[in-house]
Asks: 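Sharing a structure below in structure tokens format, with a few things to ask.
Here is the naming used below: chain letters follow the sequence lines, and residue numbers restart at 1 for every chain. For clarity, every value in this text was computed on a predicted model and none was experimentally measured.
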Number of protein chains: 2
Amino acid sequence: MTEDYRIDNLDKTILTALQADARTPYAELAKRNGVSPGTIHVRIEKMKQAGIITSAQVIVDPKKLGYQVCCFIGINLKAAGDYPEVLKKLQALPEVVEAYYTTGHYSIFTKILTHNIDALHHLLVHQIQSIEQIQSTETLLSLQQPIHRQINP
Amino acid sequence: MTEDYRIDNLDKTILTALQADARTPYAELAKRNGVSPGTIHVRIEKMKQAGIITSAQVIVDPKKLGYQVCCFIGINLKAAGDYPEVLKKLQALPEVVEAYYTTGHYSIFTKILTHNIDALHHLLVHQIQSIEQIQSTETLLSLQQPIHRQINP
DNA sequence: GATGAAAAAATTTGCGG
DNA sequence: CCGCAAATTTTTTCATC
């Protein structure tokens, strides 16, 4: 997390492989790249130190857990200074999985998952629009997510 | 990926731990939950089989790789039927890390990462707005992402 | 289904080039 | 900085409850 580090081609192929499968054995990566498992280990540790690799996460399919509805809600605030207060309230809602502070059409832009449309309706009206610093909201319902990937190192 | 499976509390705590750190040792999870490592293993395998766990990924910090700019681009198509064609072209752009088919203000909603504002400008004008089936676009620049997490199982 | 210990595999460390 | 190989840790299997 401290030092800067400029990655080379070996690092890139390691990263790309681990983005797809964080459990790829070091021996496998070593063989693919013609180096030893020890070298793979060293490179990964360096990229962790440099903050390039932030974590390894198991990815869960929200639909399989009953979260059938995915949407974005754009939020406009009454005053720009209300931002921290509103953020704190959004943070307390587990359905809000992402929030962005944006320029353009909205002040805050959020990604939301709910079990169904009724739950979304309830969340919107009773948890979000009821936040006093919020002036207006706009909802974009996602019907499908055809692209979801990480950036190519 | 085949069968349905209703998760219990043990599964939930396992999932929550692995969402934060996919490398949490099974022995550690076993101790925390008062079960054996074998049980942890069986539960995880079942959740993989059921498609609840889709993958384990190393998460990379785009900024540390030089991708300083994050934005959303909302796209409106000339005709709804142009959707597959446009999607194919977006798929070919590695900067497009997410795409959603949405109702509401836009037809397609994308999340984009670029090295800098110039690169965004170039991508927007020469790669996206030049797609003939696209009627108009709207860009939301993200200044900060204060919330990014997975859904709570 | 879960256990727990044994077997197999992977990760980590440290010496030497 | 890399490779090799030993030491450690983790995952996986399996006979048993």
Side-chain angles (χ1 to χ4, degrees), chain A residues 1-61 63-66 149-153, chain B residues 1-61 63-66 149-153:
Chain A
M1 196 80 118
T2 45
E3 41 170 328
D4 262 28
Y5 177 61
R6 180 161 292 273
I7 66 173
D8 65 9
N9 277 330
L10 175 56
D11 294 318
K12 280 190 196 182
T13 58
I14 294 172
L15 273 187
T16 301
L18 293 182
Q19 280 178 334
D21 181 4
R23 297 253 177 188
T24 315
Y26 292 4
E28 169 70 18
L29 296 172
K31 202 168 62 179
R32 278 190 221 166
N33 291 285
V35 297
S36 75
T39 299
I40 301 293
H41 178 246
V42 169
R43 296 305 190 98
I44 292 175
E45 282 306 309
K46 277 196 186 168
M47 290 193 284
K48 282 186 192 166
Q49 282 304 311
I52 294 169
I53 294 175
T54 59
S55 64
Q57 297 182 4
V58 150
I59 306 299
V60 160
D61 181 350
K63 293 207 174 169
K64 291 283 165 64
L65 294 179
R149 59 189 173 197
Q150 287 194 66
I151 195 68
N152 212 266
Chain B
M1 195 78 121
T2 45
E3 42 171 325
D4 261 27
Y5 176 61
R6 180 161 292 272
I7 66 173
D8 65 9
N9 278 331
L10 175 56
D11 295 317
K12 281 189 194 181
T13 59
I14 294 172
L15 273 188
T16 301
L18 294 181
Q19 281 178 333
D21 181 5
R23 298 255 176 185
T24 315
Y26 293 4
E28 169 70 18
L29 295 172
K31 201 168 62 178
R32 277 191 222 166
N33 290 286
V35 298
S36 74
T39 300
I40 301 293
H41 180 245
V42 168
R43 295 305 189 97
I44 292 175
E45 282 305 310
K46 276 194 184 168
M47 290 193 283
K48 282 185 192 167
Q49 282 303 311
I52 294 169
I53 292 175
T54 60
S55 63
Q57 296 182 5
V58 152
I59 306 299
V60 161
D61 180 351
K63 293 205 174 171
K64 290 285 165 66
L65 294 178
R149 57 189 174 198
Q150 287 193 65
I151 195 70
N152 211 265

Asks: So what does Val35(A) touch, heavy atoms closer than 4.0 Å: a base, only the sugar-phosphate, or nothing?
Replies: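 Since only primed, P, OP1 and OP2 atoms lie under 4.0 Å of Val35(A), the category is sugar-phosphate.
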Asks: Start at the 5' end of DNA chain C and walk down; is the nucleotide closest to Thr39(B) or to Val42(A) reached first?
Replies: Thr39(B)
Asks: What are the two closest non-hydrogen atoms of Ala17(B) and Thr24(B), and how far apart are they?
Replies: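 Minimum heavy-atom separation between Ala17(B) and Thr24(B): O-OG1, 3.9 Å.
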Asks: Could you give the OH-to-P distance, from Tyr26(A) to dT13(C), as a whole number of Å?
Replies: 11 Å
Asks: Mind calculating the distance between NZ (Lys31(A)) and P (dT11(C)) to the nearest angstrom?
Replies: 14 Å
Asks: From the options Leu18(A), Thr39(A), Leu10(A), select the one residue that forms a side chain to side chain contact (heavy atoms under 4.5 Å, CB included) with Leu29(A).
Replies: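 Of the listed residues Leu18(A), Thr39(A), Leu10(A), the side chain to side chain contact (heavy atoms under 4.5 Å, CB included) partner of Leu29(A) is Leu18(A).
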Asks: Just to confirm, is there a sub-4.0 Å distance from OP1 or OP2 of dA10(C) to any side-chain nitrogen or oxygen of Arg23(B)?
Replies: no
Asks: In whole angstrom, give the distance that lies between atom NZ of Lys46(B) and atom P of dA2(C).
Replies: 6 Å
Asks: Mind checking whether Met47(A) and Ile14(A) have side chains closer than 4.5 Å, heavy atoms only?
Replies: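 Yes, close enough: below the 4.5 Å cut-off.
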Asks: Does Ser36(A) make a side-chain N or O approach to OP1 or OP2 of dC4(D) shorter than 4.0 Å?
Replies: no
Asks: Closest-nucleotide mapping onto DNA chain D: is Ala27(B) or Asp8(A) further toward the 5' terminus? I mean the 5' end.
Replies: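 Per heavy-atom nearest nucleotide, the more 5' residue is Asp8(A).
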Asks: Check the distance between dG1(C)'s C1' and Arg6(B)'s CZ and give it to me in whole angstrom.
Replies: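 So the CZ-C1' distance, Arg6(B) to dG1(C), works out to 19 Å.
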Asks: Rounding to an integer number of Å, can you tell me how far Arg43(A) CZ sits from dT11(C) P?
Replies: 17 Å
Asks: Between Lys48(A) (NZ) and dT11(C) (P), how many Å, whole number?
Replies: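 The distance from NZ of Lys48(A) to P of dT11(C) comes to 10 Å, rounded to the nearest Å.
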Asks: Looking only at side-chain N and O atoms, does His41(A) come under 4.0 Å of OP1 or OP2 in dT11(C)?
Replies: no
Asks: What pair of heavy atoms forms the shortest contact from Ala22(B) to Val58(A), and how long is it?
Replies: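 It is CB-N, 3.6 Å.
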Asks: How long is the gap from OG1 on Thr16(A) to CD1 on Ile151(A), to the nearest 0.5 Å?
Replies: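 Result: 10.5 Å between the selected atoms.
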Asks: To the nearest angstrom, how far is Ile14(B) atom CD1 from dA2(C) atom C1'?
Replies: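 After rounding, the reported distance stands at 12 Å.
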Asks: Check the distance between dC2(D)'s P and Glu45(A)'s CD and give it to me in whole angstrom.
Replies: 14 Å
